[in-house]
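Worksheet: one structure, shown below.
In this text the structure is predicted, and so the values were computed from the model without any measurement.
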Amino acid sequence: MALGTAQAGGATTVPAPPVRRRLPGWAKGILWAVGVIAILSTASYLTGVNTLTSTNTAQTALRLALPILLAALGGLWAERAGVVNIGLEGMMILGTWGAAWGAYHGGPWLGLVAAMVGGALGGLLHAVATVTFNVNHIVSGVAINLLGLGVAKYLSTLIFQPLSGNPRQSPTVPTFDTYSATFLSDWLSDLEKQQRVGISDAAGLVNGLVTGVSPLTIIAILLVPVSYLVLWRTRFGLRLRSCGENPVAAESLGVNVYAYRYTGVLLSGALAGLGGAALVLLQGGGGYLENQTNGRGYIGLAAMIFGNWRPGGLLGGAALFGYSDGLQLAGGGKAVLALLYGAVLLLGVIVVVQLFRRKWLGAVLGAVAAGILYWIYWANDSLPGDLIPYTPHVVTLIVLAVASQRLRMPKADGARYRRGEGD
């Protein structure tokens, strides 16, 4: 008889395999953050480009990541309820106009409320089309994007042109004040100036996160754990997510699927409008400008997919895209080229891990990709200026291609549903 088995009444019982304990999500996040800092620090040291981990880069990246983070959270709420929200871009555009109008008449806090209302109105239209009339979610989302662009342009011409003299922008509006942890910032600045490998790099990145912080920044970051707690730790969140997994089963248990989907899409629009407000009401904004969103709604959707429809994952995606955008603004082509060197180091680590797991194909593909990126780094002193502004878009495509194998979307996301289908 084999070890680990026992007989009782002639039957053989095999003990259950031991349960593997997994690290909690917050611990994995910390490990990823430490790993990223280590790679950026090594790349900064080997290339001599200090911009990779400077305070200015981190501060710029945080500001640019906020609209993407808020749009991604908006997509999360809609898609967990079962509604695909391609219309995030249009809702963000409505949010930018609302933020400028509200801030001009009543200050940044009124602008914040007006932005949420504008985005929520776009969400309401999307909900009416997809939930009530069962319009294809992609078609409705594209229509919302076009409608948002057209409405904002019309209202800007009607209301802002007499004030600013330009139909494509608003007059200058007040922005949120910023605050810094002065006692901590001074100490971190001193550490950064010492140019100690690893320590100075971490100090520069952390210093950028505690310097020039606005109330909207704090609100956006707090919305990540709040979204997790509501969606995964409350009865309301369980019912909303059930509408995105199996609406027929949810209805059979007494859940009003239409009401929960409307709620999810309305909150999605309000969060996307909040993302638009981040472009207007933070330092460096100061008003509405046509085409101000520049595709950030789509990048927010990509960050949500990269994060596997989870709040913590989309936070990492928004940070990645915000950092790549902030780096190209702070350091130009030379800094982006140094980031490629960091990508080579990351791919090297991945190749080693794949070899350890005996996944030969993944190791070969990783080695080939690392070789191509290193050749680009070695053959160029700087990237062409025309390509640099598209750095976050290229990063979006690469990350989605790499992450596509482990994604698990809500089962009923985008599926048409009629009340009473389960009868």
Side-chain angles (χ1 to χ4, degrees), residues 26-66 68-69 178-214 217-218 220-221 282-284 312 315-350 352 370 373-374 376-378 380-383 388 391-392 395 399:
W26 60 267
K28 291 181 179 179
I30 292 176
L31 289 176
W32 270 105
V34 171
V36 168
I37 292 175
I39 289 174
L40 290 177
S41 174
T42 304
S44 176
Y45 174 74
L46 294 176
T47 61
V49 179
N50 297 328
T51 312
L52 285 176
T53 56
S54 68
T55 296
N56 183 41
T57 298
Q59 195 172 6
T60 305
L62 177 62
R63 176 172 57 84
L64 295 175
L66 289 181
I68 298 172
L69 172 62
T178 58
Y179 307 90
S180 302
T182 307
F183 66 95
L184 183 60
S185 181
D186 292 341
W187 175 63
L188 291 172
S189 296
D190 291 338
L191 280 179
E192 184 181 7
K193 292 176 182 177
Q194 293 175 16
Q195 294 300 308
R196 298 164 64 181
V197 179
I199 295 177
S200 295
D201 297 296
L205 292 173
V206 174
N207 191 28
L209 302 181
V210 299
T211 304
V213 178
S214 73
T217 303
I218 298 172
I221 294 174
L282 295 181
Q283 297 292 332
L315 174 62
L320 173 64
F321 303 136
Y323 176 80
S324 61
D325 200 4
L327 183 65
Q328 61 94 7
L329 288 176
K334 190 172 183 180
V336 175
L337 201 61
L339 183 62
L340 285 182
Y341 192 89
V344 172
L345 297 177
L346 177 60
L347 286 171
V349 174
I350 292 175
V352 172
L373 291 180
Y374 184 77
I376 295 174
Y377 170 79
W378 177 78
N380 296 276
D381 294 327
S382 180
L383 292 178
I388 295 172
T391 300
V395 170
V399 166

Check your understanding: Rounded to the nearest 0.5 Å, what separation is found between the OG atom of Ser44 and the CG atom of Leu339?
Key -> 11.5 Å

Review point. Between the main-chain N or O of Ile37 and the side-chain N or O of Ser41, is there a donor-acceptor pair closer than 3.5 Å?
Key: no

**Study point:** Non-hydrogen atoms of Thr53 and Glu192 that approach each other most closely
**Key:** O-OE2, 4.1 Å

Practice item. Taking salt bridge (charged side-chain N to carboxylate O under 4.0 Å, His left out) as the test, write out the residues that go with Asp201, two or more places apart. Key: none

Point to revise | Shortest non-hydrogen contact from Leu209 toward Val213 | key: O-CG2, 3.3 Å

Review point. Which atom names give the shortest non-hydrogen contact between Ala338 and Thr47, and what distance separates them?
Key: CB-OG1, 3.8 Å

Review point. Would you say the side-chain atoms of Ser214 and Thr217 include a donor-acceptor pair closer than 3.5 Å?
Key: yes

Check your understanding: About how many Å separate CG of Leu52 and CG of Leu46, when rounded to the nearest 0.5 Å?
Key -> 10.5 Å

Practice item. Please identify each residue that fulfils side chain to side chain contact (heavy atoms under 4.5 Å, CB included) with Ala335, with sequence neighbours left out. Key: Val49, Thr51, Leu327

Exercise for review: Report yes or no: does Ser200 contribute a side-chain atom to a donor-acceptor pair with the main-chain N or O of Leu191 at less than 3.5 Å?
Suggested key: yes

**Study point:** Flag, side chain of Gln59 to backbone of Thr211, donor-acceptor distance under 3.5 Å
**Key:** yes

Check your understanding: Do you know which two heavy atoms are closest between Arg63 and Gln283, and how far apart they sit?
Key -> CD-O, 3.1 Å

Review point. Which pair of heavy atoms, one from Ala58 and one from Gly208, lies closest together, and at what distance?
Key: CB-CA, 3.8 Å

Revision key, fill the gap. d(Ile221 CD1, Leu315 CG) to nearest 0.5 Å is 7.5 Å

Practice item. May I ask you to test the Val344-Leu340 pair for a side-chain heavy-atom distance under 4.5 Å? Key: no

Review point. Closest approach of Asn380 and Ile376, non-hydrogen atoms and distance?
Key: ND2-O, 2.7 Å

Exercise for review: Give the intermediate values and the outcome of side chain to side chain contact (heavy atoms under 4.5 Å, CB included) for residues Leu64 and Leu329.
Suggested key: CA-CA 10 Å; Leu64 295 175; Leu329 288 176; 3.6 Å; yes

Point to revise | Distance in Å, Thr42 OG1 paired with Leu345 CG, rounded so as to fall on 0.5 Å steps | key: 6.5 Å

Check your understanding: Out of curiosity, Thr57 OG1 to Tyr323 OH, how far, rounded to the nearest 0.5 Å?
Key -> 6.0 Å

Review point. Rounded to the nearest 0.5 Å, what separation is found between the CG atom of Asn56 and the CG atom of Asn50?
Key: 12.5 Å

